[in-house]
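Labels below follow one simple rule: chain letters A, B, ... track the order of the sequence lines, proteins then strands, and each chain is numbered from 1. Note: hydrogens, waters and symmetry copies are ignored here, and every other heavy atom, side chains too, is used.
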Amino acid sequence: MVDPGVQTGERVSTLYRKFGTAIYSRCRRLLKDDALAEDATQEVFVRVLRHIESAPDDATALAWIYRISTNYCLNQIRDRSRQAEPTAPEELPEGDGTTPEPDMLDRDTAMRLIKRAPEKLQEVAVLYYMDGLEQEQIANTLGISRRTVINRLQEFLERSRKFVEREGVA
Amino acid sequence: MNSSTATAHPRGAHLSSETIDLLLLSALSAPEANEAKHHIDSCESCRTRWRELNDDKARFEQFVFARTLPKVEARVAASRGSFFDRFKLKLLIPTLAVAGAAAAVVLTTGPGTQTEDDSYVGMKGFASPSFEVFAMRGAGAAFAVKDDTVLHPSDRIRFVVSPAGAKYLMVASTDGAGVFSVYHPFGAAQSHPVEGKAKVELPGAVELDDTLGAEKIVAVFSDAPITAAQVEAALKLDAKNPKLPGVSFVFREFRKATP
């Protein structure tokens, strides 16, 4: 008879090996710190495991991974920014002062604009601008309506435009 | 998200993270994988991301996995079986303080409005399927939704079901304006597989829009896939006691009002 504990351990190991890369890569990209990404990978995997186990396919499992890892990393970033001095505008890369089109921006700049956005807009902005998901996919991932996704993206864009106009940087 | 996403992002000519991750997992169909690989071959930006992802895979498998697996296993072992207890506890503590233990039990296990078709054979030998709705407002704690609960626009609701042997599930809603929507799988045209007899918390939360009035939510359990159109038609015909062969409907209702 197989020890159920062993069976569970093997399953966890298999799932961690399979989905760990997606979580780790995403956390590295958002946190930009290898050690923090390693810690975040463990934490996100534990949180997402039961969803992965019941997911009917890999795409659904990834949707959970995106959602939970985005939330976790944004919280980490917020916690860090509370402890650190805010980034001075001159530390941002210089632009021509025109309206930002985030699909034209590099990911670092997009992430800086996202960090400055209100919490409710950050998750949608990460999935759209960092991950390139479509509005419908974001709606499904977050369990909100497509209209809400569109509204939040518009609000994010508007705020980013105002920020760039005010600060003269992109 | 579905797996047929080996397409470029609508704003640009790049693959989405999902497509690239699914390609790495070998989870795309052959045509989708070919399309994605062809795109990567011809797009420097996506090729860079693909290379980065493969570098991360190598780093994860060589160093991170071995270093972190013991901690992960220990965390999982410690948390197994405790999530739902903690979830219930969070709900029960404030309720007990107000209404006493008996009321709390009704809150979490009450039958709601349930109809069962006699021809439904998939659940023979199992208890009836159940359906519970929980809501969260802002950053507050989750609370159970009863038939007289008043919710607000922007509240988020989640669902917990006991399939009791049913194979497929859809959660649908008819809002105060009479508009029919599918909440789980969100926006889907057909019910999705669900497994097990025990309680399952469904993935995702639904954020309520600003349509006010009574909203009726129904969990539709069946042994075979059923379409949203069939469910909508059955509800239109008889909103209180809809009938479809081999299907069990479990209702919850709440009122939506502005704060």
Side-chain angles (χ1 to χ4, degrees), chain A residues 5 8-9 12-13 16-26 28-29 34 37-39 41-43 45-46 49-51 54-67 101-104 127-148, chain B residues 1-5 7-12 14-19 21-22 24-27 52-57 59-61 63-65 67-69 71-73 75-77 79-80 83 156 158 181 183-188 192-196 200-207 209:
Chain A
T8 301
V12 168
S13 168
Y16 191 42
R17 188 180 290 280
K18 179 176 180 182
F19 290 105
T21 295
I23 300 171
Y24 176 65
S25 183
R26 184 171 183 74
R28 267 193 90 216
R29 218 148 46 85
D34 286 358
E38 192 169 313
D39 289 343
T41 302
Q42 302 166 44
E43 192 59 44
F45 179 76
V46 171
L49 176 61
R50 65 197 175 85
H51 301 298
S54 60
D57 51 43
D58 290 344
T60 309
L62 280 178
W64 276 110
I65 286 170
Y66 291 171
R67 180 178 189 168
E101 290 298 336
D103 54 317
M104 301 294 285
L127 293 172
Y128 191 71
Y129 292 113
M130 303 290 285
D131 293 318
L133 296 188
E134 296 172 26
Q135 291 162 355
E136 192 69 38
Q137 290 176 305
I138 298 170
N140 291 339
T141 300
L142 300 180
I144 57 179
S145 69
R146 186 162 177 246
R147 171 47 54 193
T148 302
Chain B
M1 288 198 284
N2 57 55
S3 58
S4 57
T5 50
T7 52
H9 193 274
R11 292 170 301 107
H14 301 303
L15 299 175
S16 72
S17 295
E18 185 199 22
T19 301
D21 280 333
L22 287 173
L24 191 75
L25 288 169
S26 303
E52 282 171 1
L53 185 60
N54 278 282
D55 288 347
D56 286 341
K57 178 181 166 68
R59 195 177 291 115
F60 177 78
E61 290 181 346
F63 307 111
V64 180
F65 179 80
R67 249 191 330 243
T68 57
L69 180 64
K71 293 181 204 166
V72 166
E73 286 180 329
R75 288 278 311 276
V76 171
S79 67
R80 277 288 182 209
F83 171 79
R156 302 180 306 284
R158 300 187 66 115
S181 310
Y183 282 170
H184 177 84
F186 193 80
H192 271 203
V194 63
E195 284 182 4
V200 180
E201 185 194 3
L202 301 181
V206 175
E207 187 174 313
D209 64 15

Study note, to complete from the structure: When rounded to the nearest 0.5 Å, the distance separating CD of A/E43 from OG1 of B/T68 is 12.0 Å
Review point. Distance from B/L22 atom CG to A/D58 atom CG, nearest 0.5 Å?
Key: 6.5 Å
Point to revise | Option that, when pairs with chain B are counted at under 4.5 Å, heavy atom only, ranks first among A/R147, A/E136, A/R146, A/E38 | key: A/E38
Check your understanding: How many angstroms lie between atom OG1 of A/T21 and atom CD of B/E61, to the nearest 0.5 angstrom?
Key -> 5.0 Å
Study note, to complete from the structure: Max heavy-atom pairs within cutoff under 4.5 Å with chain A, candidates B/R67, B/E52, B/H192, goes to B/R67
Exercise for review: Return the minimal non-hydrogen interatomic distance between A/G132 and B/S16, and the atom names on each side.
Suggested key: O-CB, 3.2 Å
Exercise for review: Tell me, with the steps shown, if B/D21 and A/I65 meet side chain to side chain contact (heavy atoms under 4.5 Å, CB included).
Suggested key: CA-CA 11 Å; B/D21 280 333; A/I65 286 170; over 6 Å; no
**Study point:** Main-chain N/O of B/E73 paired to A/Y16 side chain as donor or acceptor, under 3.5 Å
**Key:** no
Review point. Could you give the distance from CG (A/L142) to CZ (B/R156), rounded to the nearest 0.5 Å?
Key: 11.5 Å
Point to revise | Smallest separation among heavy atoms of A/Y24 and B/R59, with atom names | key: OH-CD, 3.2 Å
Study note, to complete from the structure: OG (A/S25) and NZ (B/K57) are apart, to the nearest 0.5 Å, by 11.5 Å
Check your understanding: Do you know the tightest heavy-atom contact between B/E18 and A/L62?
Key -> O-CD1, 4.1 Å
Practice item. I would like to know whether B/L25 and A/K18 meet side chain to side chain contact (heavy atoms under 4.5 Å, CB included); could you show each step before the answer? Key: CA-CA 7 Å; B/L25 288 169; A/K18 179 176 180 182; 3.8 Å; yes
Check your understanding: Under a 4.5 Å heavy-atom cut-off, does chain B meet the side chain of A/R28, its backbone, both or neither?
Key -> side chain
Check your understanding: What are the two closest heavy atoms between B/S17 and A/R29, and how far apart are they?
Key -> OG-NH2, 3.5 Å
**Study point:** Distance in Å, A/L133 CG paired with B/T19 OG1, rounded so as to fall on 0.5 Å steps
**Key:** 8.5 Å
